[in-house]
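Just below is one structure, and these are the notes that go with it.
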Protein chains: 4
Amino acid sequence: MVQRKGSLKERQRQEREQYILQAAEEIMLEKGYHHTSMDEIADRVGIAKGTLYLHFTRKEELAYALVEPKLNMFLESVQQARAYNGTAQEKLIYLLEKEMSGAFFQFMLRSDPDLASVFKAQQQRIDGLIAEIFGGIGKILDEGKEAGLFDRELPNEMMAFQFINMFDPHLYLKMVEQQQMSKETFIRHVAKVYLRGIER
Amino acid sequence: MVQRKGSLKERQRQEREQYILQAAEEIMLEKGYHHTSMDEIADRVGIAKGTLYLHFTRKEELAYALVEPKLNMFLESVQQARAYNGTAQEKLIYLLEKEMSGAFFQFMLRSDPDLASVFKAQQQRIDGLIAEIFGGIGKILDEGKEAGLFDRELPNEMMAFQFINMFDPHLYLKMVEQQQMSKETFIRHVAKVYLRGIER
Amino acid sequence: MVQRKGSLKERQRQEREQYILQAAEEIMLEKGYHHTSMDEIADRVGIAKGTLYLHFTRKEELAYALVEPKLNMFLESVQQARAYNGTAQEKLIYLLEKEMSGAFFQFMLRSDPDLASVFKAQQQRIDGLIAEIFGGIGKILDEGKEAGLFDRELPNEMMAFQFINMFDPHLYLKMVEQQQMSKETFIRHVAKVYLRGIER
Amino acid sequence: MVQRKGSLKERQRQEREQYILQAAEEIMLEKGYHHTSMDEIADRVGIAKGTLYLHFTRKEELAYALVEPKLNMFLESVQQARAYNGTAQEKLIYLLEKEMSGAFFQFMLRSDPDLASVFKAQQQRIDGLIAEIFGGIGKILDEGKEAGLFDRELPNEMMAFQFINMFDPHLYLKMVEQQQMSKETFIRHVAKVYLRGIER
DNA sequence: CATGAATGAGGATTCATTCAT
DNA sequence: CATGAATGAATCCTCATTCAT
């Protein structure tokens with residue numbers, strides 16, 4: 001019987017791609033997109049520069065490959081939150097719990113003014129994803145407003161934006177990783193502040 | 001020998017330095033640190049590139065000179081807020097009103113991961129200023145907690161961080177500049193959300 | 001009176017540009033476009049790599065700047081030849097004498113299949129110039145045919161092409177520079193072969 | 001032990017080598033040496049890139065292997081022409097007819113300045129072949145001169161060079177492939193121009 | 001032998017910084 | 001002092017070549 005030789009190779013390949021993405025994420029989070037050289041990524045992974053290009057045809061694409069799945073996962077979580085059986089508040093809490101530690105890269109994206117210009121073709125797709133995410137959160141907020149839970153005076157866009165801001169990785173890193181607050185406590189606090197903030 | 005010749009020269013020099021800082025701020029806000037070239041700054045000011053280096057020995061230092069006074073002003077506002085005659089809540093509102101539209105650069109600082117790595121020597125001073133700012137806000141928060149206004153369970157650091165996050169220039173730009181919400185309304189909304197959020 | 005300081009600088013600049021073009025021509029004639037590195041050109045001129053880019057924004061443009069004036073001069077000579085007071089044969093001889101030793105780069109252009117793809121935007125201009133050159137030669141050939149001097153059976157395009165081929169720099173280099181044939185003798189021979197070849 | 005197992009293997013090997021040469025010729029004619037990648041050659045043949053290196057140790061050698069047999073064939077044709085039963089003129093016509101459409105690669109060789117620098121070790125052999133070709137043509141020219149057919153004043157080297165230039169593939173492509181002139185007419189025209197040109 | 005993933009030298013280009021005028 | 005031409009380190013990316021499987 002013919003061995004699925006490709007299976008192993010392919011697994012190793014994907015594994016390495018994960019290492020690359022991981023290394024790139026670490027370095028870019030620390031130094032930003034521009035101060036992260038392809039050499040340094042390759043070095044950290046322990047492969048040759050050229051090998052990076054077997055996985056990602058441009059530095060841009062590597063950054064995109066870093067951001068896109070995070071945004072996708074986040075969007076999926078938003079949709080799960082909407083479908084979640086509970087109040088609008090419980091839905092938002094669900095989302096906070098699900099995504100709190102994985103949301104880093106939207107921030108890299110939103111915060112580095114350079115990155116906007118880094119993506120060209122993909123910018124549209126990214127913008128679309130972000131719009132969908134905001135839209136989905138808006139629906140939950142509407143639900144809450146209709147149920148008389150949330151303040152009707154506040155515009156959804158502002159509320160959604162502030163909600164997204166709660167995922168700020170800097171805050172998370174500071175409280176949870178540096179100051180050893182438990183993740184659960186952190187999320188409870190965040191949820192409390194935000195939900196009270198928008199209460200009717 | 002002519003006395004105080006330097007006085008005029010010096011005044012002109014300082015004036016020029018202001019123009020440089022202004023040009024740099026505009027361009028960096030728009031394009032980000034890395035996509036801002038020394039050439040473009042010099043061009044916008046109308047001076048030669050070399051002249052920039054008579055004022056700032058490195059691009060880094062120019063960015064630093066941009067951020068530092070903003071932090072200083074912010075710190076000063078924090079101190080004024082503390083001295084403000086009113087409740088802790090009114091102090092925070094005072095701060096929001098005073099700094100909302102001028103706070104951009106702390107954010108550029110915190111949010112652009114590149115910039116963090118741009119400052120080396122100055123990082124310490126920056127960190128010190130930020131610590132003082134956080135400390136000052138913490139004092140106001142303590143005051144509020146003691147007066148029974150704010151939730152005692154929330155750690156000051158977290159609350160201060162979230163307060164600072166309310167100055168997010170992306171949100172400000174979106175609501176006020178793009179969607180034409182009045183600055184007053186914007187601040188009222190922000191204050192409402194935050195202050196309710198941390199209420200006892 | 002204000003010295004035209006720029007005048008000297010500008011003269012030096014243009015002088016250096018000539019050196020660059022000269023060095024590039026030499027190296028590219030010897031090694032071809034692809035084996036000529038910007039480093040080597042800079043080295044030969046004795047300037048830094050970056051300085052090349054003050055004169056030519058891309059390697060492409062340097063090659064273009066090398067080819068274009070030669071084509072232009074050639075075209076001008078074609079037009080002078082047409083206006084020359086004499087028979088069609090004398091006109092062609094005039095052209096041979098005028099351009100024999102300066103025509104090198106059309107050949108570099110025509111002969112390196114890579115170069116075609118090197119020029120992008122400029123290709124059109126180049127093609128236009130070449131078409132004009134061929135057209136002009138065609139007119140002279142027509143004149144000769146009408147005067148009963150040239151063979152009517154031969155298509156102009158073919159005749160013009162073969163005429164242009166007479167400028168082959170390889171042949172010129174071999175006979176004149178390596179074998180010390182006088183330029184005059186060389187041209188006399190070339191003219192004889194070509195003109196007899198197309199005679200009625 | 002199985003004898004001559006290598007025989008089949010060897011035949012297949014040689015067959016594959018032919019495919020490689022064929023693919024390389026096609027692509028290099030179209031795109032030039034530098035824009036032809038080993039990947040593309042392997043792809044067109046349908047083998048792995050590494051396999052190319054079982055046949056040719058360097059890209060250079062592949063190009064050499066492409067050019068050398070063409071030169072050899074050309075040389076052989078020159079020798080057949082010399083042995084051809086007829087006048088010197090008829091010998092040259094024989095050569096034009098025999099090699100007109102196969103001579104492309106000598107031209108790629110002579111005309112692409114890159115290629116010259118590509119061959120290092122082989123350059124000597126190539127130069128030797130070219131010298132032999134020129135020599136052979138020179139003999140025919142001598143024969144013609146002695147028979148009073150060709151102009152004695154013209155140096156053989158020049159005449160031979162110009163004869164070789166008649167094989168210019170650019171002209172052939174233009175007239176025959178693009179403008180649909182028949183090959184026979186083309187050769188008739190070429191022969192006419194050249195032979196008249198060198199006539200006594 | 002055949003494969004094709006991995007390598008890394010090589011080259012174009014940018015731009016902060018220097019320094020002669 | 002002011003200038004801006006000149007510099008060259010830094011970085012992305014390509015592709016011929018190697019080598020473990």
Side-chain angles (χ1 to χ4, degrees), chain A residues 3 5-6 8-10 12-13 16 34-42 45-62, chain B residues 6 9 12-13 16 33-43 46-62 118, chain C residues 3 5-6 8-10 12-13 16 34-42 45-62, chain D residues 6 9 12-13 16 33-43 46-62 118:
Chain A
Q3 265 274 212
K5 228 180 187 175
L8 171 61
K9 284 261 174 158
E10 185 53 23
Q12 289 181 333
R13 184 193 149 77
R16 196 178 47 196
H34 285 285
H35 280 140
T36 301
S37 73
M38 295 300 265
D39 276 274
E40 189 176 355
I41 297 170
V45 180
I47 58 177
K49 206 184 333 179
T51 307
L52 286 184
Y53 288 87
L54 298 177
H55 291 267
F56 306 100
T57 53
R58 323 189 64 72
K59 191 182 178 187
E60 244 184 71
E61 286 215 5
L62 173 49
Chain B
K9 285 259 176 161
Q12 290 181 334
R13 186 193 145 77
R16 194 175 52 193
Y33 178 81
H34 273 90
H35 286 134
T36 300
S37 71
M38 295 301 264
D39 271 281
E40 190 175 356
I41 296 170
D43 275 4
I47 58 177
K49 203 185 346 179
T51 307
L52 289 182
Y53 285 85
L54 299 176
H55 291 268
F56 307 100
T57 55
R58 323 190 63 72
K59 190 184 179 188
E60 275 183 41
E61 287 214 4
L62 174 48
V118 157
Chain C
Q3 265 275 210
K5 226 180 187 174
L8 172 61
K9 285 262 173 158
E10 184 53 23
Q12 288 181 334
R13 184 194 149 77
R16 194 178 47 196
H34 285 284
H35 281 139
T36 300
S37 74
M38 295 300 265
D39 276 275
E40 189 175 357
I41 297 170
V45 180
I47 58 176
K49 206 183 334 180
T51 306
L52 286 183
Y53 287 87
L54 298 178
H55 291 267
F56 305 101
T57 53
R58 321 190 64 72
K59 190 182 178 188
E60 244 185 72
E61 287 214 4
L62 174 49
Chain D
K9 285 261 176 159
Q12 290 181 333
R13 185 193 146 79
R16 193 175 52 193
Y33 179 79
H34 273 90
H35 287 135
T36 299
S37 72
M38 295 301 265
D39 272 281
E40 190 175 355
I41 297 170
D43 276 3
I47 59 177
K49 202 184 348 179
T51 306
L52 290 182
Y53 286 85
L54 299 176
H55 291 268
F56 308 100
T57 55
R58 322 190 64 73
K59 190 184 179 187
E60 275 183 40
E61 288 216 2
L62 173 49
V118 157

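A, B, ... follow the sequence lines: proteins, then strands. Residue 1 opens every chain. Values reported hereafter were calculated over all heavy atoms of this structure, with side chains retained and with hydrogens, waters and symmetry mates removed.
- Across all strands, C:R13 comes closer than 4.0 Å to no nucleic acid atom at all (heavy-atom distances).
- The interatomic distance linking A:D39 (CG) with E:dG8 (P) rounds to 12 Å, in whole Å.
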Under the criterion side chain to side chain contact (heavy atoms under 4.5 Å, CB included), I'd like the reasoning laid out for A:M38 against A:L62: C-alpha separation, chi angles, the key distance, then a yes or no. CA-CA 10 Å; A:M38 295 300 265; A:L62 173 49; 4.3 Å; yes
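- D:Y53 does not carry D:K59 over the face of its six-membered ring by the limits of under 6.0 Å from the centre and within 45° of the normal.
- Taking every side-chain heavy atom of D:Y53 into account, F:dA16 is the closest of E:dA16, F:dA2, F:dA16.
- Heavy-atom distances to DNA chain E give each of A:G46 and B:S37 a nearest nucleotide, and the one nearer the 5′ end belongs to A:G46.
- Ring geometry for A:H34 versus B:H35: interplanar angle over 60°, hence perpendicular rather than tilted (30 to 60°).
- If you take CG of D:L52 and P of E:dC1, they are 15 Å apart, rounded to a whole angstrom.
- A:K59 places its NZ atom 17 Å from the C1' atom of F:dT14, with the value rounded to the nearest Å.
- For C:T57, the side-chain hydrogen bond (donor to acceptor under 3.5 Å, both in side chains) partners are C:E61, not counting sequence neighbours.
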Under the rule of Watson-Crick or G-U wobble with both distances under 3.5 Å, where | means paired to another strand and [ ] a crossing pair, DNA chain F maps to .||||||||||||||||||||
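- A straight line from NE2 of C:H55 to C1' of F:dT7 spans 13 Å, rounded to a whole angstrom.
- The salt bridge (charged side-chain N to carboxylate O under 4.0 Å, His left out) search around A:R13 returns A:E17, not counting sequence neighbours.
- Shown here are the side-chain hydrogen bond (donor to acceptor under 3.5 Å, both in side chains) partners of B:D43, two or more places apart in sequence or in another chain: there are none.
- Looking at the side chain of A:R58, the nearest of the listed nucleotides F:dC1, E:dA16, F:dC13 is F:dC13.
- Rounded to a whole Å, the CD atom of C:E61 is 15 Å from the P atom of E:dA12.
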Could you run down the sub-3.5 Å N/O contacts of the protein with nucleotides 8-10 of chain F?
residue: F:dG8; atom: N7; partner: C:G50; partner atom: N; Å: 3.4

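- The salt bridge (charged side-chain N to carboxylate O under 4.0 Å, His left out) search around D:E40 returns D:K31, not counting sequence neighbours.
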